[in-house]
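Notes for the one structure printed next.
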Amino acid sequence: MGDAYRIALLPGDGIGPEVAGAAVRVLDAVSRRRGFRLLFEEYLIGGAAIDAAGAPLPADTRSGCAGADAVLLGAVGGPRWDRGTGDQRPEAGLLALRKLLGTYANLRPVSVPAALASRSPLRADRVSGADLLIVRELTGGIYFGQPRREGTEEALDTMRYSAPEVQRIARVAGEWARRRRGRVTSVDKANVLASSRLWRSVVMELFETEFPDVQLAHLYVDNAAMQLVRRPTDFDVIVTGNLFGDILSDLAATLPGSLGLLPSASLGDGPGVFEPVHGSAPDIAGNDIANPIGMILSAAMMLEHLGQADAAADIRFGVHAALKTGRMTADLAADDMAIGTGQFTDAVIEHATQVAGTPDPA
Ligand code: NAD
Ligand code: IPM
Ligand code: MN
């Protein structure tokens, strides 16, 4: 047998276990076909971990993730745990995981497959051909800045960036632009925020010295939100801070038509975390109706990162071929034409394992 990889699997809460289960089925099928092994070790995170172990990122989850080749994560959170504060929230487990693994670069690709242009709430002629990459800073900014204080009369968060933090994320954006269409839009709020003025000047200087071949533009975040909807095809790479990247990526999900479609990779110096952009979707959890594509494409990003590019391509082919048949989950399907999470996943596996020119399954 060929290579083997240790994958820490963190299903989490809500639809997390449903979509993570779908991704594992797809991964099992393509890895078998391509001759490598994925050794899944499952760990608790989020609300499930609070219930079972009293903390959203228990010690064995920490050590399991730190020692894995990659982390595959569903989603965390839900109304059951929303009264918690500080460290006793499911989301705190996810933030602690990102900090632990130092995954400062969150890559969120957004494109509009031809089969989906008509599903977007935006006009098909505007969204067709959109293909952008949001590079979101993930371990700094207002999510982590100190001081930070909970309170009922007054509460405090701190938006803080240092020059080295901005440089390293800007470098990631510049490198991706070179592999794509050579353009970066840096998004900030430099007309109001000191941290954004630092952000902008550091990005400008870095591109002047290290990426003179990359075309750099700047937008304020309010305008960026509008331009993303008005002229989405003009964007190539967007680089932005933690909070703005969180908001703009959900907005960008309206281009292909559903938040359930978007994958992400969170990368740093250790194992990467591969997670869909969406959350635990408590409003639809437990009904086998969630769209598994964001999770499945996150698994493809994981395989690509692990050096299994052919298997990653199989997955992407399988997803697009399944979409082309016109059968989709309820978030995208025309009324009463929807298929379930499991059925859609079956279709992905069927197409992913029948890619022309690939070996027959054993
Ligand atoms: P959400 O992303 O869970 O859901 C937003 C909307 O999109 C809902 O209507 C939901 O049904 C829909 N949706 C999301 N994923 C879908 C999918 N795969 N298929 C079909 N429809 C999908 O955001 P929310 O409702 O604001 O948050 C719910 C919980 O998830 C909160 O506790 C939040 O903190 C958490 N959350 C977690 C993550 C994560 O773990 N990475 C990300 C975002 C939100
Ligand atoms: C995301 C989520 C998380 C974030 C939450 C759940 C902590 O919304 O990954 O986009 O804000 O980063
Ligand atoms: Mn988010």
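By the 4.5 Å heavy-atom criterion applied to side chains, Glu18 and Pro292 are not counted as neighbours. By the 4.5 Å heavy-atom criterion applied to side chains, Ile169 and Val135 are counted as neighbours. Using a 4.5 Å heavy-atom threshold, the side chains of Ile315 and Leu27 count as touching. Between Val71 and Ile7, the closest side-chain pair of non-hydrogen atoms is not below 4.5 Å. Considering only heavy atoms from C-beta on, Pro79 comes within 4.5 Å of Pro282 through its side chain. Residues Pro56 and Glu91 form no side-chain contact, since every pair of their non-hydrogen atoms from C-beta on lies 4.5 Å or further apart.
Residue Leu303 holds its CG atom at 7.5 Å from OG of Ser31, rounded to the nearest 0.5 Å. For the atom pair CZ (Arg230) and CG (Asn223), the distance works out to 8.5 Å, reported to the nearest 0.5 Å. With rounding to the nearest 0.5 Å, the separation of CD1 in Ile296 from OG in Ser298 is 9.5 Å. Put simply, OG on Ser111 and CG on Leu262 are 9.0 Å apart, with the number rounded to the nearest 0.5 Å. Here CG of Asp346 is found 11.5 Å from CZ of Arg327. Values are rounded to the nearest 0.5 Å.
Within 6.0 Å of CD in Glu210 there are more than 12 heavy atoms belonging to other residues, nucleotides or ligands. The environment of Asp222 atom CG is dense: over 12 non-hydrogen atoms of other residues, nucleotides or ligands sit within 6.0 angstrom. Crowding of Glu205 atom CD: a count of heavy atoms from other residues, nucleotides or ligands under 6.0 Å not exceeding 12. Residue-environment remark: CE (Met204) stays at or below the threshold of 12 foreign heavy atoms within 6.0 Å. Heavy atoms from other residues, nucleotides or ligands lying under 6.0 Å from CZ of Arg179 number more than 12.
Linking ILVMFWY side-chain heavy atoms closer than 4.5 Å, directly or via other members, places Tyr43 and Val24 in two distinct hydrophobic clusters. Both Phe36 and Leu72 belong to a common hydrophobic cluster when Ile, Leu, Val, Met, Phe, Trp and Tyr are linked at side-chain heavy-atom distances under 4.5 angstrom. Placement of Leu259 and Phe244 within a single hydrophobic cluster is found when ILVMFWY residues are connected by side-chain heavy-atom separations under 4.5 Å, directly or transitively. In the hydrophobic clustering of ILVMFWY residues, with side-chain heavy atoms under 4.5 Å counting as a link, Leu10 and Met302 come out apart. Tracing side-chain contacts under 4.5 Å through hydrophobic residues (I, L, V, M, F, W, Y), one reaches Leu332 starting from Val19; they form part of the same cluster.
Donor-acceptor pairing under 3.5 Å is recorded for the side chains of Asp331 and Ser258. Side chains of Asp236 and Trp176: a donor-acceptor N/O pair is absent below 3.5 angstrom, by distance only. Glu137 and Thr240 form no side-chain donor-acceptor contact under 3.5 Å, judged by distance and modelled atom types alone. Using modelled atom types and a 3.5 Å distance limit, the side chains of Arg33 and Thr353 yield no donor-acceptor pair.
Cation-pi check for Arg200 over Tyr161 is not met; the charged atom does not lie both under 6.0 angstrom from the ring centroid and within 45 degrees of its normal. A cation-pi contact, defined as under 6.0 Å to the ring centre and within 45° of the axis, links Lys99 to Phe144. For Arg168 and Tyr104, the positive end sits near the middle of the six-membered ring, less than 6.0 Å away and at most 45° from its axis.
Ring geometry for His305 versus Phe274: interplanar angle of 30 to 60°, hence tilted.
Considering every non-hydrogen atom in both Ala170 and Val203, the closest pair reads CB-CG2, 4.1 Å.
Ion pair Arg98/Glu275 flagged as a salt bridge, since at least one NZ, NE, NH1 or NH2 atom sits closer than 4.0 Å to an Asp/Glu carboxylate oxygen. Taking a cutoff of 4.0 Å between a charged side-chain nitrogen and a carboxylate oxygen, Arg178 and Asp213 qualify as a salt bridge. Using a 4.0 Å cut-off between charged nitrogen and carboxylate oxygen, Arg149 and Asp157 do not count as a salt-bridge pair. Note on Arg80 versus Asp51: salt bridge recorded, some NZ/NE/NH1/NH2 to OD/OE distance being below 4.0 Å.
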